[in-house]
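The structure appears below as structure tokens.
In the text below, chain A, chain B and the rest are named by the order of the sequence lines, each starting its count at 1.
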Amino acid sequence: MDFIIDAAVKAIKHLYQIDVAPAAIGLQETRKEFDGQITIVTFPFTKFSRKGPEQTGTEIGEYLLSELKEVAAFNVVKGFLNISLNDEYWIGQLYNEILPDSFAVAKPNGQKVMVEYSSPNTNKPLHLGHVRNNLLGFSVAQILAAAGYEVIKTNLVNDRGIHICKSMLAWQKFGNGETPESTGMKGDHLVGKYYVLFEKELRVQLAPILDRIYEKNDLSLFKEGQKVKIEALLNSIDKLKVKKQTTPEANTKAIDELNDKIGADQDKIKEIAKGATQLMIETQQMLQQWEAGDAVVMDLWRTMNGWVYAGFAETYKQMGVDFDKYYYESNTYLLGKDIIEEGLEKGVFFKKEDGSVWIDLTADGLDEKLVLRSDGTSVYITQDMGTAQLKYNDYHMDKSIYVVGNEQDYHFKVLFLILNKLGKAGADGLFHLSYGMVDLPSGKMKSREGTVVDADDLMAEMETTAKEQTEAMGKVDGFSEEYKLQLYHTIGMGALKYFLLKVDPKKRLLFDPNESVDFQGHTGPFIQYTHARIKSVLSRADYNAGIKTDIAALDGVERDLIVLLTQFPTVIQDAANGYSPAIVANYVYELAKTYNKFYHEKSILQAEDETLKQFRLQLSASSAKVISQGMALLGIDVPERM
RNA sequence: GCACUCGUAGCUCAAUUGGAUAGAGCGUCUGACUACGGAUCAGAAGGUUAGGGGUUCGACUCCCUUCGAGUGCACCA
């Protein structure tokens with residue numbers, strides 16, 4: 001559409017003697033209720049023309065009509081100049097742009113981008129939240145690649161730390177030597193089982209300790225500093241309880257708030273008290289042994305992580321995601337200390353009396369943030385600084401995307417700010433793709449309350465539902481068993497992936513496990529069905545992509561379809577710029593819907609003459625191609641038959 | 001308490017980043033060719049865009065404010 005923008009710039013120069021930037025010409029699609037395909041908003045130019053928006057629009061319109069052979073007509077409604085391009089132009093678009101294999105294949109833009117996603121902990125299986133993360137990360141990587149970037153997909157595996165030790169300890173104590181082989185369980189689920197067992201046992205051990213705190217006021221188990229904290233919390237709780245009693249019962253809101261605060265304080269006490277359980281003491285010891293490289297612990301760690309990796313590999317395969325590079329925290333958790341030195345020298349960080357190192361971000365509207373403990377060990381953000389440096393050293397990428405939930409917004413704000421202040425190469429290209437949590441109707445998923453939706457279970461259920469739906473429609477007669485299995489997977493995953501990706505990543509997402517994901521309407525299977533139907537028509541016809549037919553005029557739906565198809569490359573760029581698969585998802589749906597309308601209104605195989613038939617076949621084939629490519633950007637396959 | 005994010009039809013989501021009479025799907029109701037696949041298509045009903053104020057030729061979009069929801073505020077990761 002650049003030629004219209006250029007012409008509009010010339011029109012304004014010619015008519016009003018003003019130079020406007022091409023970007024100032026806001027082209028948009030003409031809304032369905034008006035004639036035309038392209039619209040220019042003329043309000044911004046009235047200050048140059050010193051005329052009303054209608055007259056300005058008319059003047060520009062007349063200029064375009066006389067200067068551009070592609071412009072067939074125009075009309076002006078208020079400040080909107082609606083332009084109709086002639087059918088010859090649109091038909092030319094189909095043959096010269098859309099039909100060739102080069103359509104929507106971006107030239108390499110010479111830029112490298114890293115997309116880090118998934119990044120699981122190795123102590124339990126993946127759940128629905130991870131599914132959103134994985135699908136988003138994979139799709140964004142596909143979109144960026146289609147937009148011309150060289151993409152590196154990475155997975156930063158959190159394979160060490162206290163949570164893995166919990167699973168390890170529980171297995172040691174209660175496992176009786178169980179293995180994935182001996183139980184037939186998937187490795188990640190087996191390890192997760194022991195994590196749950198750990199938490200269960202921990203609660204048992206915690207009860208008497210809490211009893212001593214609340215009932216007997218006995219704090220002898222705790223160190224001085226902890227005692228002070230607990231006493232302060234107990235005090236706070238007492239005050240809140242008094243306040244609660246003096247609050248009228250009718251004021252339910254105030255009561256709820258007080259209860260929340262009491263609950264929060266009690267949780268804090270619980271956290272401290274956990275540290276006094278035998279189980280946590282042993283877990284801490286195990287972590288120290290791990291850090292010291294104790295042979296037995298290391299061996300167990302390697303074994304159990306191995307189980308988990310085998311399990312994850314299966315889940316990733318089902319999900320259809322993959323990675324170019326794995327980073328492991330066991331290798332990176334000590335990184336970042338040299339950056340601390342560097343920051344101190346540059347005066348970006350400062351050291352407190354106890355030896356801890358901080359950065360003052362109050363000038364940027366944030367807080368003071370600890371970057372190194374007083375004992376000289378790293379914290380989370382120290383590692384991340386080091387890992388960012390490591391990644392950059394490995395790839396020298398222009399951009400680096402972190403696909404991480406929005407609960408870590410603050411962390412990444414701080415991390416990027418620090419790297420910027422340190423003047424690190426690549427710091428400008430850092431981006432946190434922050435996505436919303438997946439909520440259940442009951443609220444947030446909580447592993448402790450057993451309300452998590454397991455990724456493997458979910459995918460299996462989707463396949464089962466796909467099978468039931470397909471069989472109920474009696475459409476699988478004559479399909480081989482092998483093809484059917486493949487098909488159920490394609491449809492089930494298509495429904496799930498589309499459901500999760502059609503929503504703007506930033507927004508939180510509601511998932512109701514009791515209400516199965518739809519297969520009709522604005523869904524993946526709807527789009528897959530459209531594709532299969534086109535393929536069915538094509539296979540019945542002697543379709544030839546090469547023949548250029550001589551169509552004189554287009555009908556409304558046909559033109560709409562071509563207009564939509566021409567937008568595909570722009571959609572890819574927009575989605576890449578916004579890191580949003582939702583843009584692609586909504587576009588492909590719009591395309592499928594428009595195709596279905598065309599399909600119902602126009603006969604293809606029984607077209608009036610052979611020329612028209614070939615043309616409609618070409619239009620159909622183009623639609624199938626774009627649907628298939630668009631869905632591939634979402635990581636969704638489209639079947640030939642379903 | 002402080003900070004950030006969000007609030008659009010009964011439900012789940014759009015709205016070309018400040019543009020036209022706010023659009024889809026599900027659900028509800030009505031209808032569709034003896035032709036290419038009915039997981040489809042056509043139509044109806046459904047809205048004070050949470051409330052109020054402001055900026056603008058123009059506001060779902062930007063600013064202020066009230067209400068409501070979520071998240072974050074560890075020498076955890």
Side-chain angles (χ1 to χ4, degrees), chain A residues 26-34 39 41-44 46-47 52-53 77-80 82 121 158 160-163 268 271 329 333 352 354-358 365-367 370-375 377-381 383-384 405-411 413 434 436-437 439 443-444 469-470 472-473 475 491 495 499 502-504 506-512 515 518-523 525-530 532-538 540-541 567 570-571 574 578 582-583 585-586 589-590 592-593 596-607 613 616-617 620 641-642:
Chain A
L27 282 195
Q28 48 190 287
E29 276 172 63
T30 304
R31 295 180 70 118
K32 279 189 208 124
E33 57 266 42
F34 302 100
T39 292
V41 183
T42 61
F43 288 110
T46 53
K47 53 175 173 264
V77 182
K78 292 194 254 179
F80 300 89
N82 302 319
N121 290 351
N158 188 0
R160 50 140 251 130
I162 197 81
H163 46 278
K268 282 179 195 164
E271 281 308 308
E329 284 203 17
Y333 82 108
K352 288 195 176 173
D354 62 2
S356 59
V357 180
W358 298 71
L366 306 174
D367 305 316
L370 178 97
V371 292
L372 194 72
R373 292 193 192 101
S374 52
D375 64 4
T377 57
S378 308
V379 290
Y380 182 38
I381 202 153
Q383 286 177 47
D384 272 0
N406 63 11
E407 54 206 347
Q408 295 200 39
D409 283 354
Y410 187 80
H411 171 75
K413 220 184 242 182
S434 161
M437 299 287 97
D439 288 327
K444 203 183 167 182
Q469 299 257 342
T470 308
M473 279 182 274
K475 291 192 168 188
I491 297 175
F499 180 81
K502 76 172 177 183
V503 181
D504 184 335
K506 288 194 288 288
K507 298 203 175 175
R508 46 190 275 266
L509 194 131
L510 188 81
F511 183 89
D512 189 344
E515 218 173 286
D518 276 331
F519 284 67
Q520 275 149 16
H522 189 177
T523 66
F526 168 90
I527 298 166
Q528 291 173 321
Y529 171 75
T530 306
R533 199 163 59 169
I534 296 173
K535 286 293 172 149
S536 166
V537 175
L538 292 179
R540 282 165 194 275
Q567 290 167 1
T570 316
V571 167
D574 288 351
I583 292 175
N586 286 308
Y589 171 66
E590 194 63 37
K593 213 159 61 115
N596 283 331
K597 190 181 160 79
F598 160 78
Y599 179 89
H600 269 265
E601 284 185 16
K602 303 293 170 193
S603 192
I604 300 166
L605 298 180
Q606 317 293 330
K613 179 177 160 188
R616 286 182 181 159
L617 284 169
S620 298
R641 297 197 294 163
M642 66 183 275

> Using atom C1' of each nucleotide, how far apart are B:G19 and B:G38 to the nearest Å?
Replying inline: 39 Å
>> Nearest to the A:Glu29 side chain among B:G19, B:U16, B:U12, which nucleotide is it?
In response: B:U16
> Rounding to the closest angstrom, what is the interatomic distance between B:A22 and B:A9 at atom P?
Replying inline: 15 Å
> Which atom pair, heavy atoms only, marks the closest approach of A:Val371 to A:Trp358?
Replying inline: CG2-N, 4.0 Å
>> With a 3.5 Å cut-off and heavy atoms only, can you find an N or O donor on one side and an acceptor on the other between the side chain of A:Asp504 and the base of B:A15?
In response: no
>> What is the distance, to the nearest angstrom, from the NE2 atom on A:His411 to the C1' atom on B:C76?
In response: 12 Å
> Between B:A42, B:U21, B:U40, which nucleotide has the shortest distance from any of its atoms to the side chain of A:Lys597?
Replying inline: B:A42
> For atom C1', what is the distance between B:G27 and B:A44, given to the nearest Å?
Replying inline: 14 Å
>> Does B:C41 have its OP1 or OP2 closer than 4.0 Å to a side-chain nitrogen or oxygen of A:Asn596?
In response: yes
> Looking only at side-chain N and O atoms, does A:Lys507 come under 4.0 Å of OP1 or OP2 in B:A14?
Replying inline: yes
>> Using Watson-Crick or G-U wobble geometry with both distances under 3.5 Å, which nucleotide pairs with B:C4?
In response: B:G70
> Would you say A:Arg540 reaches B:G37's phosphate, i.e. side-chain N/O to OP1/OP2 under 4.0 Å?
Replying inline: yes
> What distance, rounded to whole Å, do you find between the two P atoms, one in B:G46 and one in B:A3?
Replying inline: 43 Å
>> Apply the syn/anti split at 90° from 0 to B:U48 and say which one it is.
In response: anti
> With respect to the side chain of A:His600, which nucleotide from B:C75, B:A32, B:G37 is positioned closest?
Replying inline: B:A32
> If you pin A:His522 and A:Val537 to their nearest nucleotides in RNA chain B, which one's is more 5'?
Replying inline: A:His522
> A:Lys602 near the nucleic acid: base, sugar-phosphate alone, or nothing, with a heavy-atom cut-off under 4.0 Å?
Replying inline: base
> Separation of A:Asn586 atom CG from B:C13 atom C1', in whole Å?
Replying inline: 8 Å
> Given the P atoms of B:U48 and B:U61, what is the spacing between them in whole Å?
Replying inline: 16 Å
> If every non-hydrogen atom of A:Thr377 is compared with every non-hydrogen atom of A:Leu372, which pair is closest and at what distance?
Replying inline: O-CD1, 3.4 Å
> OP1, OP2 of B:G37 versus side-chain N and O of A:Ser536: anything below 4.0 Å?
Replying inline: yes
> Hey, is the side chain of A:Arg373 poking within less than 4.0 Å of OP1 or OP2 on B:C76, counting only N and O atoms?
Replying inline: yes
>> What is the separation between atom CG on A:Asn406 and atom C1' on B:C73, rounded to the nearest whole Å?
In response: 15 Å
> Ignoring hydrogens and angles, does a donor from either the side chain of A:Thr39 or the base of B:A20 sit under 3.5 Å from an acceptor on the other?
Replying inline: yes
> Can you tell me how far C1' in B:U49 sits from the matching atom in B:G68, rounded to whole Å?
Replying inline: 16 Å
>> Work out how far the P atom of B:U65 is from that of B:C29, and round it to whole angstrom.
In response: 47 Å
>> Counting only side-chain nitrogens and oxygens, does A:Lys475 get under 4.0 Å of the OP1 or OP2 atom of B:G38?
In response: no
> Below 6.0 angstrom between ring centroids: does that apply to A:Phe519 and A:Tyr529?
Replying inline: no
>> A quick test of your reading: do over 12 heavy atoms of other residues, nucleotides or ligands sit less than 6.0 Å from NZ of A:Lys268?
In response: no
> What integer distance in Å separates A:Gln520:CD from B:G38:C1'?
Replying inline: 10 Å
> Side chains of A:Asn82 and A:Arg31: is there a donor and an acceptor less than 3.5 Å apart?
Replying inline: no
> Does a side-chain N or O from A:Arg31 land closer than 4.0 Å to OP1 or OP2 of B:G23, or not?
Replying inline: yes
> How far does NZ of A:Lys475 sit from CE of A:Met642, to the nearest 0.5 angstrom?
Replying inline: 7.0 Å
>> So, OP1 or OP2 of B:A77: does either fall under 4.0 Å of a side-chain N or O from A:Tyr380?
In response: no
> Can a side chain N or O of A:Lys502 be found less than 4.0 Å away from OP1 or OP2 on B:U12?
Replying inline: no
> Taking N and O atoms by type only, does the side chain of A:Thr523 place a donor or acceptor under 3.5 Å from a partner on the base of B:A39?
Replying inline: no
> Is the aromatic ring centre of A:Phe43 closer than 5.5 Å to the centre of the six-membered base ring of B:G19, with the two planes inclined by less than 30°?
Replying inline: yes
>> By nearest heavy atom, map A:Tyr589 and A:Asp367 onto RNA chain B; which one lands nearer the 5' end?
In response: A:Tyr589
>> Can you tell me which nucleotide in B:U21, B:U16, B:G38 comes closest to the side chain of A:Lys78?
In response: B:U21
>> Side chains of A:Thr530 and A:Asn596: any donor to acceptor distance under 3.5 Å?
In response: yes
>> Taking B:A50 as the reference, what is the distance to B:A45 when you measure between their P atoms (whole Å, please)?
In response: 24 Å
> Closest to the A:Arg533 side chain: B:A77, B:A20, B:G38?
Replying inline: B:G38
> How far does CZ of A:Phe598 sit from CD1 of A:Ile604, to the nearest 0.5 angstrom?
Replying inline: 4.5 Å
> With stacking defined as ring centroids separated by under 5.5 Å and planes differing by under 30°, is A:Phe34 stacked against B:A20?
Replying inline: yes
> Is A:Phe519 stacked on the base of B:A39, with ring centres under 5.5 Å apart and planes under 30° apart?
Replying inline: no
